[in-house]
Each structure stands twice: as structure tokens, then as C-alpha cells.
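Structure first, commentary second.
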There are 2 protein chains.
Amino acid sequence: MTDLQIFETAGETELKILDAAKKIFSIKGYDGARMQEIANEAKINKAALHYYFRSKDKLFELIFKFCFKKIYNNLGEIIEKDMPLKDKIKFMTENYIDFISKNQYLIPFIMTELAKNPDRFVKVIKESDVKFKSENFINQIKKEAKAGNIKEIDPFQLFMNIISMCVFPFPAKPMLCAILGISELKYKKMMEERKKIIADFIMDSLINPVHRE
Amino acid sequence: MTDLQIFETAGETELKILDAAKKIFSIKGYDGARMQEIANEAKINKAALHYYFRSKDKLFELIFKFCFKKIYNNLGEIIEKDMPLKDKIKFMTENYIDFISKNQYLIPFIMTELAKNPDRFVKVIKESDVKFKSENFINQIKKEAKAGNIKEIDPFQLFMNIISMCVFPFPAKPMLCAILGISELKYKKMMEERKKIIADFIMDSLINPVHRE
DNA sequence: GTCTATAATTTGATAGAC
DNA sequence: GTCTATCAAATTATAGAC
């Protein structure tokens with residue numbers, strides 16, 4: 001049910017609160033979230049909130065750290081997998097679109113809060129003790145390019161292309177629906193279709209023989 | 001200097017306020033923005049703010065509408081241009097990355113506020129009286145595909161791919177820098193490089209002969 | 001139109017009974 | 001540990017002098 005098992009020492013009430021806080025903070029952001037609303041969501045008294053977590057700031061930091069790690073670890077796991085490039089790209093896109101579908105608010109939340117307050121979280125991120133192991137993926141790209149199996153491309157740019165095409169349509173959904181005049185339903189169907197086609201779109205670009213004269 | 005000439009009836013003081021409000025709202029969002037801060041930024045008294053715009057809500061709606069239209073019109077202009085597909089994609093990507101570079105906060109602002117409050121702005125958007133003219137672009141894709149010049153692809157998906165790869169790296173900058181362990185400077189250089197390569201990445205995928213057996 | 005002062009409201013946080 | 005009642009601070013909004 002909940003994904004907050006990380007907080008191993010937390011009792012039942014604390015978990016209820018954390019769950020509620022995750023929901024409210026990730027939807028409304030730090031500034032828009034109200035302690036009262038979190039209390040209601042957790043079906044608990046507002047005073048109990050402060051009893052357990054002392055302040056809004058402290059509670060928020062816990063949630064932010066948790067969400068950041070979740071995104072981070074998911075990406076890390078995907079990118080470290082040991083498989084052929086073509087399979088990996090297929091795996092990355094499908095897995096990532098799935099992950100985001102199931103965690104609609106996660107990316108916009110972290111993206112927004114990190115943008116609003118870049119330095120506030122330098123310490124949070126350092127504390128999280130995360131070191132992205134991208135060498136595997138980066139080297140794989142370079143090797144395939146050198147072998148002539150794909151075209152030359154900056155691995156970071158490729159990585160960014162993949163992530164962009166998977167992630168952006170989700171936080172941008174309301175904006176794109178508004179701009180393009182698309183209904184929620186049609187948009188949802190497009191996203192399902194998208195899962196199938198992105199990997200091909202990328203691979204077609206990478207193995208295009210035109211650029212290997 | 002300012003881009004708010006749209007408010008034709010606005011006097012000098014009103015423009016100063018609107019400029020300040022745009023800056024503060026787009027950086028901090030509705031919930032994070034303080035009327036006092038907007039007043040300071042405009043070098044004007046807080047009471048004058050309310051004298052001119054009555055309430056935070058009313059001021060925010062003006063700014064939101066303005067920013068939404070700006071994104072919308074820019075996209076519309078680009079997509080309606082009458083030129084060959086290859087040139088258009090080159091033009092779209094370069095132009096859009098430029099536009100976003102110069103308006104760093106615009107996209108995340110509209111994206112976030114629209115996501116936080118989808119129905120609040122249904123009326124705003126309807127009032128904006130905007131109808132996206134995508135037929136030109138959509139038909140162009142279909143025609144080129146039928147002629148065998150590019151592979152078959154859903155025009156909306158292609159459109160989404162282009163926009164995603166141009167836009168996402170900007171709102172996601174702090175997050176990606178944090179996750180990938182890249183410095184601000186290196187990221188900026190990557191974005192410049194990006195402007196040159198995105199169009200090729202897309203065209204390579206579209207004209208890949210592998211899929212036209 | 002612009003300012004100072006202040007009202008009215010919201011909201012994070014705490015005291016203290018049980 | 002949990003609740004009610006309440007404080008203290010912040011913030012939107014207005015009144016009224018100039």
C-alpha cells in the first residue's frame with residue numbers, strides 16, 4: 001500500500017502522517033500545503049502532527065528526501081542494468097513511463113521545489129549520499145559508437161533525450177491539453193501508445209546509416 | 001525592456017507593478033509570492049498594489065493569462081510557418097530553445113500553476129480565446145509520410161517529442177544537475193550544444209530507411 | 001495617487017487537561 | 001499519546017490622512 005517502509009522506526013500513526021504529508025506536499029508544494037490539511041488527510045489532530053514531527057519544515061524535509069531518493073534510485077537501477085543497448089533503451093523508456101504513470105506528482109514536485117529553492121537542498125542531496133553510476137551507460141554508448149553500431153553522439157545528450165521524451169509529457173499534461181485542445185482521455189491513450197513507440201524513435205535515429213556515409 | 005505592452009491602457013506605475021508581479025509570481029508561484037515582495041520589487045507602497053489591482057488573486061490572474069498567451073502564441077507562430085519539414089524542425093528546435101532560454105521561469109511557472117489548479121484556469125484559457133492552428137503542421141507530416149519522404153508517425157507524438165526534448169531540460173535543470181552531478185556551467189554548455197544537434201537527432205529518426213524496407 | 005497605520009484573517013506552533 | 005483551546009507571527013486587505 002504505502003511505499004514509506006524506509007522509515008523503519010516509524011509507528012502506525014507516524015506512517016499515516018507521512019503518507020498524508022507525501023500526498024499533500026507533492027500535490028500542493030511546500031508553500032501551498034497546510035498542516036491542517038495534512039492532519040485531516042491523516043485523520044489525526046493537528047497538535048499530534050507537531051508532537052511527532054515538530055515543524056512543517058522538518059516534516060517537509062523528510063518527504064522531500066524520500067521522494068528525491070525514490071526518483072534517483074529508480075533511475076539508477078534502470079541505467080545500471082547489464083544488457084545490450086537496444087534492449088536497454090526499450091527497457092528504460094517502458095520502465096520509466098510506467099514509473100511516472102504510477103507516481104504522477106513525484107517529478108513535478110521535486111522539479112518545482114528544487115527550482116524554487118536550489119541551495120536549500122544542496123545539503124539534503126549531499127546527506128542522501130547518492131552517487132549516480134552512469135559510467136556503465138556512458139561507456140556502453142561510446143563503445144557501440146566506436147564499433148559503428150550506432151552513430152556518434154554525446155551520451156549525456158542521448159540520456160537527456162530519452163528522459164525528456166519519457167518524463168515531460170506528464171508534468172506538462174495540463175498545459176499541453178490546454179494548448180493542443182486535447183481531452184484528458186485522448187491524452188491518456190496517447191501516453192499508452194507512447195510507451196510502445198519511443199524506443200523505436202530513438203533507435204531509428206541512432207542506427208541511421210545516412211550518418212555513417 | 002518589458003514585454004507587457006499588451007496592457008495598453010496601463011500607466012507607468014501599473015506597468016512597474018505588472019513587471020514586478022510577473023517576476024515574483026513566476027519565480028515563487030502563487031502560494032510562495034508575497035504582496036510585500038512585489039511592492040518592494042516595484043519600488044512602490046504595498047497599499048498602492050491593492051489600489052491598482054484590488055487583490056492578489058486578480059493580479060495573479062492577469063499575470064498568468066499573459067504568460068500563458070505568451071507561450072501559446074510563440075508556439076503558434078512557429079508551427080504555422082510555411083516551410084519544408086526539415087527546415088521547419090530545425091527552425092522549431094532552435095527558436096524554441098532560444099525562447100525558453102530567454103524566459104527561464106515561464107514554462108515551469110505555467111506548468112506548475114496549471115497542474116496545481118487545473119480547473120481554476122479552464123475559464124482563463126477559454127477567455128484567452130486561443131485556438132491552436134496545428135492543421136498546417138499535422139497535414140505536412142502526413143503528406144511527407146505518404147510521399148515516403150519520412151517514416152509513418154503520429155504527428156502529435158512527433159510534436160510531443162520535439163517539444164519535450166527542447167523544453168524539459170530547462171525546468172529540470174536543478175534536478176538533472178543534482179542527479180547527474182553536473183555543474184551549472186557544464187549544463188549551460190550542453191544546452192548550447194543541444195540547440196545544434198536536436199534537429200538532426202529528430203530528422204535521422206524520421207528519414208531512417210530501415211523502416212521503409 | 002501615495003503613504004502610514006491598522007484591521008481581519010490565516011496558519012504554524014504550543015500549553016495544558018485528560 | 002491525543003485532544004481542545006489558544007497564542008504568536010505572518011500576510012492580505014483597507015481606512016483615512018495628506
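Below, read A as the first sequence line, B as the second, and so on, with proteins coming before strands; counting in each chain starts at 1. Just so we're clear, the structure is a prediction, and the values are computed from it rather than from any experiment.
- Aromatic pair A/Phe159/A/Phe156: ring centres not closer than 6.0 Å.
- As a whole-Å value, the separation of A/Lys43 NZ from D/dT2 C1' is 17 Å.
- For A/Lys56, there are no side-chain hydrogen bond (donor to acceptor under 3.5 Å, both in side chains) partners at least two apart in sequence or on another chain.
- For A/Pro169 against A/Ser164, the heavy-atom pair with the smallest separation is CD-O, 3.8 Å.
- Here the CG atom belonging to B/Asp204 is positioned 10.0 Å from the CG atom belonging to A/Asp204, to the nearest 0.5 angstrom.
- Under the 4.0 Å criterion applied to side-chain N and carboxylate O atoms, B/Lys58 and B/Glu61 are not assigned as salt-bridge partners.
- Per the geometry, OH belonging to B/Tyr30 stands 12 Å off P belonging to C/dT10, to the nearest Å.
- Classification of the A/Phe68-A/Phe64 ring pair by plane angle, with boundaries at 30° and 60°, yields parallel.
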How does protein reach along nucleotides 13-18 of chain C, written 5' to 3' as B (base within reach of a heavy atom under 4.0 Å), S (only sugar-phosphate), or - (no contact)? BBB---
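- Taking 4.0 angstrom as the limit, B/Thr13 places none of its side-chain polar atoms (N or O) nearer than this to OP1 or OP2 of C/dG1.
- Residue B/Arg34 has no polar side-chain atom (N or O) positioned under 4.0 Å from OP1 or OP2 of D/dA10.
- Among the protein residues, B/Ala39 comes within range of no part of the nucleic acid, since none of its heavy atoms lies under 4.0 Å from any strand.
- Comment: B/Lys196 engages B/Glu193 in a salt bridge, judged by a side-chain N to carboxylate O separation of less than 4.0 angstrom.
- A salt bridge is defined here as a Lys NZ or Arg NE, NH1 or NH2 lying under 4.0 Å from an Asp or Glu carboxylate O, and B/Lys189 with B/Glu192 fails to meet this definition.
- For the pair A/Phe53 CZ and D/dG1 P, the computed distance is 12 Å after rounding to whole Å.
- Rounded to 10°, the angle separating the first-five-pair axis and the last-five-pair axis of the helix from C/dG1-D/dC18 to C/dC18-D/dG1 equals 10°.
- Put simply, CD on B/Gln36 is 13 Å from C1' on D/dA13, counting in whole angstrom units.
- The interatomic distance linking B/Phe60 (CZ) with D/dA13 (C1') rounds to 19 Å, in whole Å.
- The interatomic distance linking A/Ile17 (CD1) with C/dG12 (P) rounds to 15 Å, in whole Å.
- Ring geometry for A/Phe7 versus A/Phe66: interplanar angle of 30 to 60°, hence tilted.
- In this structure, B/Lys58 atom NZ and D/dT12 atom P are separated by 16 Å, rounded to whole Å.
- The CD-P distance, from A/Glu37 to C/dG12, rounds to 10 Å in whole Å.
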